[in-house]
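Residue numbers start at 1 and run along the sequence shown.
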Amino acid sequence: MSLGKTMRVAVLACALWVWPATSALAQSGQGERYQPRSERGRLAAGLVLRWAGHVQQVYGTAPQRWAQGMAPTFARAPLANLRRAAAMTDYDAMMAAASEPYAHRSAPDAARAPSPTTTAALSSERLLYTMLTPCRLADTRTVARRMSAGESRSFSLQSLTAQGGAQNGCGIPTDASAVTLNITVINPDVAGYLTVFPTGGTRPLASSLNYRVGDVVANEIIARLGGDPWPTYSVYSYAGADLVIDVAGYFSAAKSEPLDCTQVESALVAVNPGGTASAVTPACPAGYTGTGGGCTVAGAYPSIDEVYFHGFGAQANGGYACHARNRGGVARNVRAEAMCCRLPGR
């Protein structure tokens with residue numbers, strides 16, 4: 001079956017199976033008799049029937065408009081992916097399964113699937129990268145706002161529902177300076193390209209993704225953020241097309257935080273006149289590392305009162321040991337101390 005015919009089947013399956021009473025074909029008596037004959041048509045109709053109400057309630061998109069926007073996806077998706085989509089109980093999971101451009105693979109085979117090219121253009125500032133479970137930021141098919149030819153559109157990282165993104169957000173902080181995006185272009189009108197750039201900045205001449213007419217093609221990029229007061233990014237498309245945008249992680253400035261430190265001490269150890277003794281601290285608490293230590297004589301000055309430490313140093317467990325000799329005529333008490341530190345939050 002040609003792609004054009006497959007597309008028509010998908011459109012009919014989506015639009016007529018669920019709402020025949022509102023279609024022109026239904027008015028002529030043909031809509032009510034239409035039944036999807038192919039597995040693809042039945043799967044497409046079932047998905048629309050199941051999720052159209054959710055899309056209308058959450059995103060405010062009319063069911064027929066959403067069905068028409070999804071038709072290219074249903075027409076091109078491998079049947080294995082449509083079957084997986086039909087089994088999903090979550091809308092975002094269903095859309096991810098249906099939109100995957102390659103037949104779903106098991107974990108060992110997935111490693112051999114084509115990999116998108118990653119590009120980066122970050123400055124030399126020190127940034128911390130935080131990985132995220134892939135999360136939907138935008139889907140123009142869901143909100144029926146297909147990109148127009150030559151349009152530059154700003155996309156939010158906070159309020160996602162209005163652009164077809166996840167209802168509960170993706171957990172990107174407001175101090176993020178860049179994000180890792182996976183952008184899929186669906187059914188562009190003509191061959192062209194799109195460019196991702198910081199909102200408020202100058203659009204570069206380089207492209208982030210190239211596409212051909214009718215394509216479903218994806219690329220992963222690192223996009224610097226702009227905007228004020230909230231960080232956003234903008235997308236320019238040469239041709240009219242639908243976009244699906246997922247985020248996989250974000251960059252933010254590394255924060256300087258003081259070390260979390262605690263001190264451990266040994267008990268006082270008596271050193272008799274003419275004798276030697278050792279004081280050893282307990283091990284550092286779990287998760288802490290010994291960073292140093294020291295030795296003290298209670299109520300006395302070591303050299304003046306003839307108490308000498310002939311050996312001292314860190315132990316393998318992070319503690320600290322002090323080995324003392326008393327050359328005076330009075331018993332003295334010595335103590336070992338260790339400083340144990342860790343990075344905050346670890």
Side-chain angles (χ1 to χ4, degrees), residues 3 6-7 9-19 35-36 38-107 109-110 113 116 132-147 155 159-171 181-187 215-218 220 241-248:
L3 180 59
T6 303
M7 185 93 64
V9 168
V11 172
L12 287 171
C14 292
L16 303 182
W17 175 256
V18 184
W19 305 282
Q35 297 286 334
S38 67
E39 181 183 8
R40 180 179 300 276
R42 290 190 295 271
L43 287 169
L47 289 171
V48 174
L49 179 64
R50 182 176 183 183
W51 294 107
H54 171 86
V55 172
Q56 185 170 35
Q57 180 180 3
V58 174
Y59 300 102
T61 302
Q64 281 187 303
R65 180 63 185 85
W66 177 66
Q68 291 169 358
M70 289 300 298
T73 298
F74 293 151
R76 291 183 173 86
L79 279 174
N81 295 356
L82 288 183
R83 296 186 193 111
R84 287 186 66 242
M88 297 298 178
T89 58
D90 175 82
Y91 175 76
D92 291 335
M94 180 278 293
M95 291 290 282
S99 301
E100 190 175 352
Y102 304 100
H104 182 70
R105 300 166 183 258
S106 60
D109 291 336
L132 296 173
T133 300
C135 181
R136 182 63 41 88
L137 290 176
D139 188 337
T140 62
R141 302 167 302 176
T142 296
V143 294
R145 290 191 60 219
R146 182 177 171 88
M147 292 284 290
F155 290 89
S159 302
L160 305 182
T161 305
Q163 59 194 34
Q167 287 180 257
N168 299 320
C170 292
L181 302 177
N182 190 294
I183 300 185
T184 303
V185 175
I186 300 171
N187 199 33
D215 246 346
V216 177
V217 61
E220 184 177 80
D242 276 309
L243 300 183
V244 176
I245 306 175
D246 295 331
V247 63

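- Nearest heavy-atom pair, L132 versus C170, reported as atom, atom and distance to 0.1 Å: CD1-O, 3.7 Å.
- Annotation: D90, atom CG; neighbour count of heavy atoms from other residues, nucleotides and ligands within 6.0 Å is above 12.
- In terms of heavy atoms, Q56 sits closest to A62 at NE2-CA, 4.4 Å.
- We find the CG-CG distance between D246 and D139 to be 8.5 Å, quoted to the nearest 0.5 Å.
- Here the OG1-CD distance, from T184 to E220, works out to 11.0 Å after rounding to the nearest 0.5 Å.
- Scanning for salt bridge (charged side-chain N to carboxylate O under 4.0 Å, His left out) contacts around D215 gives R212, with sequence neighbours left out.
- Taking CG from L79 and OG from S38, the interatomic distance works out to 8.0 Å, rounded to the nearest 0.5 Å.
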If you apply the rule side-chain contact (heavy atoms from CB on, under 4.5 Å), what do you find for L47 with F74, and how did you get there? CA-CA 10 Å; L47 289 171; F74 293 151; 3.6 Å; yes
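- Scanning all heavy atoms of the two residues, the minimum distance from N81 to A97 falls at CB-O, 3.3 Å.
- Few gaps surround CZ on R146; more than 12 heavy atoms of other groups in view lie less than 6.0 Å from it.
- When each of T73, D242, T61 is paired with R141, the side-chain hydrogen bond (donor to acceptor under 3.5 Å, both in side chains) condition holds for T73 and for no other.
- Ring-plane geometry between Y91 and W66 is classed as tilted, the angle between the planes lying from 30 to 60 degrees on a 0 to 90 degree scale.
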Take V58 and T161, measure what side-chain contact (heavy atoms from CB on, under 4.5 Å) needs, and give me the verdict at the end. CA-CA 7 Å; V58 174; T161 305; 3.9 Å; yes
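- M95 has its side chain within reach of M70: a pair of non-hydrogen atoms, C-beta onward, lies under 4.5 Å apart.
- A distance of 11.5 Å separates CZ of R136 from CD of Q163, quoted to the nearest 0.5 Å.
- When side chains are defined from C-beta on, M94 does not count as touching R50, because their heavy atoms never get closer than 4.5 Å.
- Side-chain contact check for L243 versus V185: some heavy-atom pair is nearer than 4.5 Å.
- The shortest distance between side-chain heavy atoms of P134 and N182 does not fall below 4.5 Å.
- The backbone N or O of H54 lies less than 3.5 Å from no partner atom in the side chain of Y59, so there is not a single donor-acceptor pair.
- Using a 4.5 Å cut-off on side-chain heavy atoms (C-beta onward), F155 and L137 make no contact.
- Here the closest heavy-atom approach between residue A98 and residue A77 is recorded as O-CB, 3.4 Å.
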Give the C-alpha distance, both sets of side-chain angles, the deciding distance and a yes or no for side-chain contact (heavy atoms from CB on, under 4.5 Å) between R40 and L82. CA-CA 8 Å; R40 180 179 300 276; L82 288 183; 3.7 Å; yes
